[in-house]
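In what follows, a single structure is set out as structure tokens and then discussed.
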There are 2 protein chains.
Amino acid sequence: MIRVLVADDHAVVRAGIVALLDDVDGIEVVGQAADGLAAVEEARRLRPDLVVMDVRMPGATGDVATARIRAELPGTRVLILTTYESDSTIIAAIEAGASGYLLKAAPAEELIEGVRSVARGETALSPAIAAQLVARLRAPAPAELTPRELDVLRLVAAGCSNRVIGERLFIGEATVKSHLLRVFEKLGVHDRTRAVTLAMERGLL
Amino acid sequence: MIRVLVADDHAVVRAGIVALLDDVDGIEVVGQAADGLAAVEEARRLRPDLVVMDVRMPGATGDVATARIRAELPGTRVLILTTYESDSTIIAAIEAGASGYLLKAAPAEELIEGVRSVARGETALSPAIAAQLVARLRAPAPAELTPRELDVLRLVAAGCSNRVIGERLFIGEATVKSHLLRVFEKLGVHDRTRAVTLAMERGLL
DNA sequence: GGGGGCCTCCACCGATCGGTGGAGTCGACG
DNA sequence: CGTCGACTCCACCGATCGGTGGAGGCCCCC
């Protein structure tokens with residue numbers, strides 16, 4: 001019997017996962033949680049074999065909750081659900097120790113088979129997500145932005161000029177331009193607007 | 001007995017709505033659909049009292065599907081579900097004739113009560129969404145952009161300079177700037193980057 | 001026929017941005 | 001302890017952008 005904890009902030013999604021899994025032989029839903037912190041606490045209390053978790057939740061996001069659960073409970077595996085194929089948190093969640101990553105749009109069989117695979121110690125990835133991971137590996141530039149570069153880029157997205165950004169971040173305008181030039185370089189673009197839209201597409205912003 | 005059709009492209013969400021509603025006395029789920037077109041077809045075939053529909057679906061988006069269903073089946077009402085409070089399609093769906101708009105994060109009771117309300121001919125709105133509607137009504141400018149202005153803005157989002165945009169659209173650079181200035185005015189911003197991000201937030205792009 | 005959008009274009013200006021080519025401090029990591 | 005990455009700053013330049021203040025043509029609707 002695979003004991004499963006379900007964590008999702010959306011009541012209907014939670015009910016859906018429970019409905020799909022609880023009917024299946026060999027799978028038992030032992031608990032539910034509505035946010036990331038509750039997921040960690042319930043996992044600690046129930047010690048399930050598997051946590052099926054939404055990647056975006058209030059409290060603690062999926063990757064943070066995954067890391068905590070993996071650190072405290074070596075016997076508990078994590079299967080992440082996501083809405084979007086191109087979610088920037090995919091990498092983070094996998095690095096945090098998630099054993100699987102499925103799309104919410106996936107058919108019921110894929111979810112059930114994913115649960116069984118992960119419980120067996122295997123990895124479960126939706127095809128679209130697997131493709132994305134491969135693409136990332138092929139991409140020469142991981143295009144990861146430093147915290148400061150993200151600060152600057154967020155203010156650019158808000159429509160601030162370089163001078164205003166400098167004032168807001170308590171740095172010189174020249175520094176803002178330096179950060180921005182690095183951002184352009186990393187993203188392979190030549191202007192601030194495209195940098196913002198591309199960062200949004202990649203989920204960096 | 002309220003006969004309900006459930007439409008959502010996410011299998012788990014669909015299962016969740018069905019699980020929550022089917023157990024309730026007086027509510028019967030008579031069908032399901034995985035995209036907007038299928039929702040319209042199933043509604044035509046099943047003639048349910050109510051369609052519970054995700055706002056974002058492949059095929060036809062929630063608002064388009066709502067409009068078609070309302071046009072063809074006067075006896076069928078539509079209740080829209082959404083993930084985000086600030087979804088730009090809220091207005092469109094309500095204009096298309098939806099009788100309710102609930103958040104997926106809403107508790108099960110709210111969803112069930114929403115279904116009953118809408119079936120009675122009332123309107124069901126999540127508090128957060130109701131607040132948003134009021135805010136919109138207070139906003140003086142509806143901020144609609146002309147087709148040409150959207151053409152220009154899309155190219156701005158792609159990172160093109162004004163000159164390049166002019167070349168692509170076979171118009172002068174001066175014309176591009178004219179369009180852009182109108183866009184800034186309509187959106188109440190002062191630079192191209194913020195114009196793009198705001199347009200994306202509002203679903204104009 | 002007379003508005004009223006919408007689209008097109010022009011000249012001109014100051015402000016801002018993109019880009020170059022530096023340089024220094026600091027903390028982390030091996 | 002050396003190195004590397006992240007962050008900070010400077011001066012300078014040409015290109016682009018934001019903004020002003022026009023103008024005319026087109027089409028649709030009243």
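Note on naming: letters A, B, ... go to the chains in the order of the sequence lines (proteins, then strands), and numbering restarts at 1 for each one.
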For the [atom1] atom on [X], are there more than 12 heavy atoms of other groups (residues, nucleotides or ligands in this structure) within a distance under 6.0 Å?
| X | atom1 | answer |
| --- | --- | --- |
| A:Glu72 | CD | yes |
| B:Glu173 | CD | yes |
| B:Arg154 | CZ | yes |

Problem set entry | Pair listing, salt bridge (Lys or Arg N to Asp or Glu O under 4.0 Å) test, anchored in residues 8-19 of chain A, at least two apart | A:Asp8-A:Lys104

For this session: Sorted by first residue and then second, give each salt bridge (Lys or Arg N to Asp or Glu O under 4.0 Å) pair with at least one member in residues 105-116 of chain A; sequence neighbours left out.
Result: A:Glu113-A:Arg120

For this session: Kindly write out the residues that satisfy side chain to side chain donor-acceptor pair (under 3.5 Å) with B:Thr123, not counting sequence neighbours, or none if the list is empty.
Result: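 Here no residue qualifies.
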
For this session: Would you jot down, in residue-number order, the residues of residues 152-164 of chain B having a non-hydrogen atom under 4.0 Å from DNA chain D?
Result: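 When residues 152-164 of chain B is checked for heavy atoms under 4.0 Å from DNA chain D, the hits, listed by number, are B:Ser161, B:Asn162, B:Arg163.
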
Exercise. Hey, can you pull the residues of residues 173-184 of chain B with a non-hydrogen atom under 4.0 angstrom from DNA chain D?
Worked result: B:Lys177, B:Leu181, B:Phe184

Taking [atom1] from [X] and [atom2] from [N], how many angstroms apart are they, rounded to a whole number?
| X | N | atom1 | atom2 | answer |
| --- | --- | --- | --- | --- |
| A:Leu169 | D:dA6 | CG | P | 18 Å |
| A:Glu149 | D:dG5 | CD | P | 13 Å |
| B:Arg148 | D:dC27 | CZ | P | 15 Å |

Seminar exercise, completed: chain A vs DNA chain C, heavy-atom contacts under 4.0 Å, first-to-last nucleotide span, 5' to 3', is C:dT16 to C:dT20

Looking at [Y], is its backbone amide N or carbonyl O close enough to the side chain of [X] to form a donor-acceptor pair, meaning the two atoms are under 3.5 Å apart?
| X | Y | value |
| --- | --- | --- |
| A:Arg168 | A:Cys160 | no |
| A:Thr197 | B:Ala157 | yes |
| B:Asp191 | B:Arg194 | yes |

For this session: Salt-bridge test for A:Glu41 and A:Arg44: reply yes if a basic N is under 4.0 Å from a carboxylate O, no otherwise.
Result: no

